[in-house]
Undergrad: 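Starting off with a structure, shown below.
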There are 2 protein chains.
Amino acid sequence: MSVLTDPKKIALHGGKYFLPQLSVDCVILGFHDGELKVLLLKMHHSAHWALPGGFIYKEETVDDAAHRVLEERTGLKNLFLQQFHVFGNPARSSSKATVEYFKKEGIHLDKNSWLAQRFVTVGYYALVDFAKAQPHPDLFSDACEWVSLREAEDLFMDHSDILQKALETVRLQLNYQPIGFNLLPRKFTMPELQRLYETILGKPLDRRNFQRRMLAYGILKKLAEQKKGVAHKAPFLYSFDTQRYRKALAAGLDGGW
Amino acid sequence: MSVLTDPKKIALHGGKYFLPQLSVDCVILGFHDGELKVLLLKMHHSAHWALPGGFIYKEETVDDAAHRVLEERTGLKNLFLQQFHVFGNPARSSSKATVEYFKKEGIHLDKNSWLAQRFVTVGYYALVDFAKAQPHPDLFSDACEWVSLREAEDLFMDHSDILQKALETVRLQLNYQPIGFNLLPRKFTMPELQRLYETILGKPLDRRNFQRRMLAYGILKKLAEQKKGVAHKAPFLYSFDTQRYRKALAAGLDGGW
DNA sequence: GCAAAAGTGTTAAGTCTACACCCATGC
DNA sequence: GCATGGGTGTAGACTTAACACTTTTGC
């Protein structure tokens, strides 16, 4: 598949390559400095941050399009990436705003242009290892950066709603599926994992009960190593067993009854 | 909004009215005779059953389109209807098959027709009161009927996948949200509710524990009445408190941590 | 009166919560 | 040696699961 790399070509001729009026937007979450961060783009000529998004090639799977966006923005592939909601209100995009935006880019868009139409977007969320991601802006943005959730307000278009819905979904998911591990490096300590959970859930958890619960999932491997160069008692390192993890993800489906 | 009622007009000129390459499909579930049933359409000129679906008007919300489909097929509105997945594989629809289908309808579709394109579909599921629904076929089907899940095999296109995914979602949802009530009439007995849960989950439940659990949700009202004209001991009737029910749906979001 | 279905309560097992003590490290 | 953070264990509260007896009704 030939990837379009010229903004002008995309704006004027994207209609030839992409599915019309459908896009994907990705809420890419990372964890750093005890905070949840979301990867956002600083759009050209705009004070707003936006979620990384993209269009779907005519012969491409919608999921593949989301994976492509994720890879283009972070360099990461084959990650935990999940669709969570479709945003299908015609008022979410504005033809006028789009035309104006491209005018500032020096591109004249006709109001009948493929880009000036209403877009329905499929929201995806990804949980990624902050340290491994290498943020790259796209063709319509000046910067691609991790923004802490507290500061991620007043986003472009309805992206704040999309972000909120993603967070809601992640918190819910956390209740019955051990998805949190995706946010940590390969080796991590139990306290690190706990910080992460506390951050996502927004409340403190009991150290000992937390540990028991995590180990009960049966997907952690305690390594012989301990964290080095750290003040106080050195915590053990854990990694997680991808094999078992996949099973747990699938089995997560039946809890409760 | 003017609704299109002529199949030929839809086929040939639908492109003027609908969002391109995007559709909704509804998995409408009902409960009758101790069985889960799904509302399906018997397509013209086809041995396959299909899920009720439809297109989205250019100025219509995707959710509204799904509600419209639900209402058109069942006469019911304002029901529990939820999007659960986007099916976005380009191979899910076949241009050739579409052209052939319409040929049998006596309509010549160009392979460039809006209908002969790849479609991405948003899957919705609804849980409805079997007795209240009045099935109406659409313009492209001979019949609209409740089909028991056991018999709902080998559906049109990828509709079997969509149905499977819906069932998976419902079973999962049942774990943390009391959604089952939507399938029963306004007044129902505890044993009826239990049959329903057993059917959805595919396994027997303990009568006494089940009752406790349901009452613990705090959304049932025990009525003074008892079921009449029934063999053996008459069970009490219950109805559910829509007010509290909505709260419980919202609160369901935080279970676990 | 008997079979079938429904109402209700109790006990034991298991899980979760809260909490305390000991250990290792850096200063 | 003391402050800080991490490792581990346990008793009590609570929840869930298993189970039995009684009541009502139609035949």
Side-chain angles (χ1 to χ4, degrees), chain A residues 33-34 174-178 180 184-185 187-199 201-240 248 251-252 254-257, chain B residues 33-34 174-178 180 184-185 187-199 201-240 248 251-252 254-257:
Chain A
D33 278 344
L174 215 54
N175 282 328
Y176 54 93
Q177 289 191 348
L184 292 173
K187 297 177 182 180
F188 52 87
T189 68
M190 198 55 81
E192 280 163 359
L193 183 59
Q194 186 178 341
R195 287 306 113 63
L196 169 61
Y197 269 72
E198 289 177 335
T199 305
L201 296 167
K203 60 181 166 189
L205 301 170
D206 183 273
R207 201 157 53 88
R208 297 146 280 204
N209 296 333
F210 178 80
Q211 171 143 333
R212 226 193 318 276
R213 188 156 177 172
M214 287 298 130
L215 293 177
Y217 280 129
I219 59 178
L220 289 185
K221 276 194 298 224
K222 187 175 188 172
L223 305 177
E225 301 172 73
Q226 290 176 248
K227 187 121 182 174
K228 283 172 193 164
V230 68
H232 319 301
K233 183 164 181 176
F236 283 99
L237 286 167
Y238 291 82
S239 68
F240 72 100
D254 49 82
W257 287 92
Chain B
D33 279 343
L174 216 53
N175 282 327
Y176 54 92
Q177 290 192 348
L184 292 174
K187 297 176 181 181
F188 52 88
T189 68
M190 199 55 82
E192 279 163 1
L193 183 58
Q194 185 178 342
R195 285 308 112 64
L196 169 61
Y197 268 72
E198 289 177 334
T199 305
L201 295 167
K203 61 180 167 192
L205 301 170
D206 183 273
R207 199 157 53 86
R208 298 146 280 202
N209 296 333
F210 178 79
Q211 171 143 334
R212 224 193 320 275
R213 189 156 175 171
M214 286 299 130
L215 292 176
Y217 280 129
I219 58 179
L220 288 186
K221 276 196 296 224
K222 187 175 187 170
L223 305 178
E225 300 172 74
Q226 289 176 246
K227 187 120 183 173
K228 284 172 194 162
V230 69
H232 321 302
K233 181 163 181 175
F236 284 100
L237 285 166
Y238 291 83
S239 69
F240 71 101
D254 49 82
W257 286 92

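Here is how names work: the chains are called A, B, and so on, in the same order as the sequence lines, proteins then strands, and each is numbered from 1. All figures in this text were calculated on a predicted structure; none of them were measured in a lab.
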Undergrad: Please report the distance, rounded to the nearest Å, between CZ in A:F210 and P in C:dA18.
TA: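 The answer, rounded to whole Å, is 16 Å.
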Undergrad: Classify every nucleotide of nucleotides 19-27 of chain C by which part a protein heavy atom approaches to under 4.0 Å, writing B for the base, S for the sugar-phosphate alone and - for neither, in 5'-to-3' order.
TA: BB--BBBS-
Undergrad: Within this structure, what is the CD-to-C1' distance between B:Q211 and D:dC19, rounded to whole angstrom?
TA: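 Nearest whole value for this atom pair: 16 Å.
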Undergrad: Measure CE/A:M214 against P/D:dG6 and give the value in whole Å, please.
TA: 16 Å
Undergrad: Can you tell me the distance, in whole Å, between the CG atom of A:L193 and the C1' atom of D:dG5?
TA: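 Distance check: A:L193 CG to D:dG5 C1' gives 17 Å.
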Undergrad: Under 4.0 Å: is that the gap between some side-chain N or O of B:K227 and OP1 or OP2 of D:dT24?
TA: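 Answer is no, no contact under 4.0 Å.
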Undergrad: Using the six-membered ring wherever Trp is involved, compare the ring planes of A:Y197 and A:F210 and label them parallel, tilted or perpendicular (cut-offs 30° and 60°).
TA: perpendicular
Undergrad: Considering the options A:M190, A:Q226, A:K227, which one meets the side-chain contact (heavy atoms from CB on, under 4.5 Å) requirement together with A:F236?
TA: A:Q226
Undergrad: Between A:Y217 and A:L174, which heavy-atom pair has the shortest distance, and what is it?
TA: OH-O, 4.3 Å
Undergrad: Measure the distance from NZ on B:K222 to P on C:dG7 and round it to the nearest whole Å.
TA: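 So the two atoms are 7 Å apart, to the nearest Å.
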Undergrad: Could you tell me which non-hydrogen atom of A:G34 sits nearest to which non-hydrogen atom of A:T199, and how far apart they are?
TA: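 Heavy atoms of A:G34 and A:T199 come nearest at O-OG1, 3.6 Å.
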Undergrad: Using five base pairs at each end, measure the axis-to-axis angle across the helix from C:dG1-D:dC27 to C:dC27-D:dG1 and round it to 10 degrees.
TA: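 Both end axes considered, the difference amounts to 0°.
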Undergrad: How many whole angstroms separate atom CG of A:L205 from atom P of C:dC16?
TA: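 Checked: the CG to P distance equals 14 Å.
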Undergrad: How far apart are the closest heavy atoms of B:N209 and B:D206, and which atoms are they?
TA: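 Residues B:N209 and B:D206, closest heavy atoms: N-OD1, 2.9 Å.
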Undergrad: Who are the salt bridge (charged side-chain N to carboxylate O under 4.0 Å, His left out) partners of A:K187, not counting sequence neighbours?
TA: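 Salt bridge (charged side-chain N to carboxylate O under 4.0 Å, His left out) check on A:K187 returns A:E225.
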Undergrad: What distance do A:F240 atom CZ and A:L193 atom CG have between them, rounded to the nearest 0.5 Å?
TA: 10.0 Å
Undergrad: B:M190 CE to D:dT23 P: how many Å, rounded?
TA: 21 Å
Undergrad: To the nearest 0.5 Å, how far apart are CD in A:E192 and CG in A:L237?
TA: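 Between atom CD of A:E192 and atom CG of A:L237 there are 7.5 Å.
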Undergrad: If you take all heavy atoms of B:L196 and B:G180, which pair is closest and at what distance?
TA: CD2-O, 3.2 Å
Undergrad: Starting at CZ of B:F236 and ending at C1' of D:dT24, how long is that distance when rounded to a whole Å?
TA: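 My rounded result for the distance is 11 Å.
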